[in-house]
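Here the structure is laid out as structure tokens; the discussion comes afterwards.
We use all heavy atoms of the structure for the numbers below, so side chains are in, but hydrogens, waters and symmetry mates are not. Numbering of residues begins at 1 and proceeds along the displayed sequence. All of these numbers come straight from a predicted model, not from anything done at the bench.
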Amino acid sequence: MKISLIDLIEMIHGSKRADDFFREDTDLDVDEYLERISNYSPNDHIVFAADSNIRRHRFCAGFDEQAIDVDGIVIFYYVLHNDDFFCERVENTEKMYDRLYKSVRNPFIGEFMVFKDGIKRNYRVKNAHGETLHSDEIDRRKLHELIIEWY
């Protein structure tokens, strides 16, 4: 399945839920995401990014000219301390889970979303007692056993 960059950003922007683990204020509007993009390669590993280490380019029109293939697993994550964000392809679920568990424990990550075949997968993060956790209520560096519950 192929979608435009703007459609993918709209899915990222409009997908907050009460059970989301990540609750930091990272919800930019679509235009703000577009303004911050420093890299856009719809067919590569990194689909798009706002990387503070790369000089930002002013993108004109044309975001809809190249469609993004969203088959498989695509992740999006937001880095709080420098407002970077990355949308990239992941080879398999094992690598996705590795990245997810590391992101949940990293206090500098403000968002982590998973898309499977173009559909956002919603998840809750729970502790061993089955309590739903939220990033703004705990010390993320001291998390022990976690349960990822997809819904």
Report yes or no: does [X] contribute a side-chain atom to a donor-acceptor pair with the main-chain N or O of [Y] at less than 3.5 Å?
X	Y	answer
R105	R140	no
H13	V30	no
D44	V47	no
D136	R23	no
R124	L133	no
S52	D84	no

Hey, are [Y] and [X] close enough side-chain-wise for a donor-acceptor pair under 3.5 Å?
X	Y	value
R17	N122	yes
S4	D7	yes
D51	S38	no

[X] side chain near [Y] side chain, heavy-atom distance below 4.5 Å:
X	Y	value
D20	F22	no
V70	D117	no
V104	F112	no
R36	F85	yes
F21	I138	yes

- Summary of ring-ring contact (aromatic ring centres under 6.0 Å, His included) pairs that have at least one residue in residues 120-148, sequence neighbours excluded: Y123-W150

Shared hydrophobic cluster for [X] and [Y] (ILVMFWY, side-chain gaps under 4.5 Å):
X	Y	result
I3	I37	yes
L143	L100	yes
M113	Y97	no
I109	Y33	no
M11	V90	no

- Task: Begin from the C-alpha positions of R141 and D139 and carry the test salt bridge (Lys or Arg N to Asp or Glu O under 4.0 Å) through to its verdict.
- Result: CA-CA 6 Å; R141 297 167 296 180; D139 183 350; 3.2 Å; yes

Shortest non-hydrogen contact from [X] toward [Y]:
X	Y	value
C87	L8	SG-CD2, 3.8 Å
T132	K126	OG1-CE, 3.6 Å
H81	V79	CE1-CG1, 3.3 Å
A128	I147	CA-CD1, 4.4 Å
F48	L5	CD2-CD1, 3.3 Å
M96	V114	SD-CG2, 3.8 Å

- In sequence, state the C-alpha distance, the side-chain angles, and the governing distance for N39 and I46, and then conclude on side chain to side chain contact (heavy atoms under 4.5 Å, CB included). CA-CA 8 Å; N39 180 23; I46 303 280; 3.8 Å; yes

Counting only pairs under 3.5 Å, give me each side-chain donor-acceptor contact of residues 71-78, with atom names and distances, residues two or more places apart or in other chains.
unit_1 : atom_1 : unit_2 : atom_2 : d
D71    : OD1    : M1     : N      : 2.6
D71    : OD2    : M1     : N      : 2.9
Y77    : OH     : E88    : OE1    : 3.0
Y77    : OH     : R99    : NH2    : 3.1
Y78    : OH     : D83    : OD1    : 2.8

- Task: Report, as yes or no, whether the 6.0 Å neighbourhood of atom CD on E94 holds more than 12 heavy atoms from other residues, nucleotides or ligands.
- Result: no

